[in-house]
Amino acid sequence: MKPVLVLVGRPNVGKSTLFNRLTNSRDALVANYPGLTRDRHYGEGYIGKKSFIIIDTGGFEPEVKKGIMHEMTKQTKQAIIESDIIIFIVDGRQGLVEQDKLITNFLRKSGQPIVLVINKSENINSSISLDFYELGIGNPHIISALYGNGIKNFLENILTIE
Ligand code: GDP
Ligand code: MG
């Protein structure tokens, strides 16, 4: 089976930019995989000959209990259940924020492997990324979804997890 990756993180960290960079087809995929729901945004990506499924999500704010953000959080939780690997994206330009810690605590409870990705890193000083070690989920992968830096390396690394 192809590994299923889910992109999780606060709104605006660059999940959809990464999704678009990594994927092509959507509808064919949903049609061919019983069990995938149309409510979520799926794509298929390749690294060499190996392919993987990737799920984009709307954003995640576990402490918000009503409104659109709550709906998105529910969708995200469901996507996590469908996935094999959680790609947790943070914003390297903003640095570590409280919300990232809340999301980390939530993701840990899933028991699934979590890969930490620091996006928007095309111009950041590597010392900023040291703050993210505080999350306690291991070495961050440093990428720029917009410009493509670090993406190939990142994919090669995570797809050996499976
Ligand atoms: P999402 O809400 O997490 O899906 O975030 P989006 O993919 O919609 O991106 C939010 C904003 O961040 C957009 O203006 C993107 O162009 C910008 N963005 C995404 N990735 C990068 C990056 O690697 N570097 C920079 N500088 N901006 C980025
Ligand atoms: Mg998005």
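Both counts, for ligands and for their atoms, begin at 1 and track the order of listing.
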>> Once you measure the plane-to-plane angle for Phe19 and His41, does it fall in the parallel (<30°), tilted (30-60°) or perpendicular (>60°) bin?
In response: tilted
> Say you draw a straight line from CG of Asp100 to CG of Leu107; how long is it, rounded to the nearest 0.5 Å?
Replying inline: 10.5 Å
> Are any of the side-chain nitrogens in Lys120 or Asp91 under 4.0 Å away from the carboxylate oxygens of its partner?
Replying inline: yes
> Under a 4.0 Å heavy-atom limit, does Pro11 contact ligand 1 with its side chain, its backbone, both, or neither?
Replying inline: backbone
> For ligand 1, is any non-hydrogen atom under 4.0 Å from Asn119's backbone (N, CA, C, O), its side chain (CB onward), both, or neither?
Replying inline: side chain
>> Measuring from atom 23 (O) of ligand 1, which candidate in Gly150, Gly148, Ser144 has the nearest non-hydrogen atom?
In response: Ser144
> Hey, does Lys15 come in under 3.5 Å of ligand 1, counting only N/O atoms on both sides?
Replying inline: yes
> Any N or O on Tyr147 sitting closer than 3.5 Å to an N or O of ligand 1?
Replying inline: no
> Considering only heavy atoms from C-beta outward, does the side chain of Ile143 approach that of Leu18 to under 4.5 Å?
Replying inline: yes
>> Using 2.8 Å as the threshold, say whether any N, O or S atom from Ser16 sits that close to the Mg ion (ligand 2).
In response: yes
>> Can you confirm whether more than 12 heavy atoms, excluding those of Lys65, are under 6.0 Å from its NZ atom?
In response: yes
> At a 4.0 Å cut-off, with the gap strictly under it, does some heavy atom of Gly9 reach an atom of ligand 1?
Replying inline: no
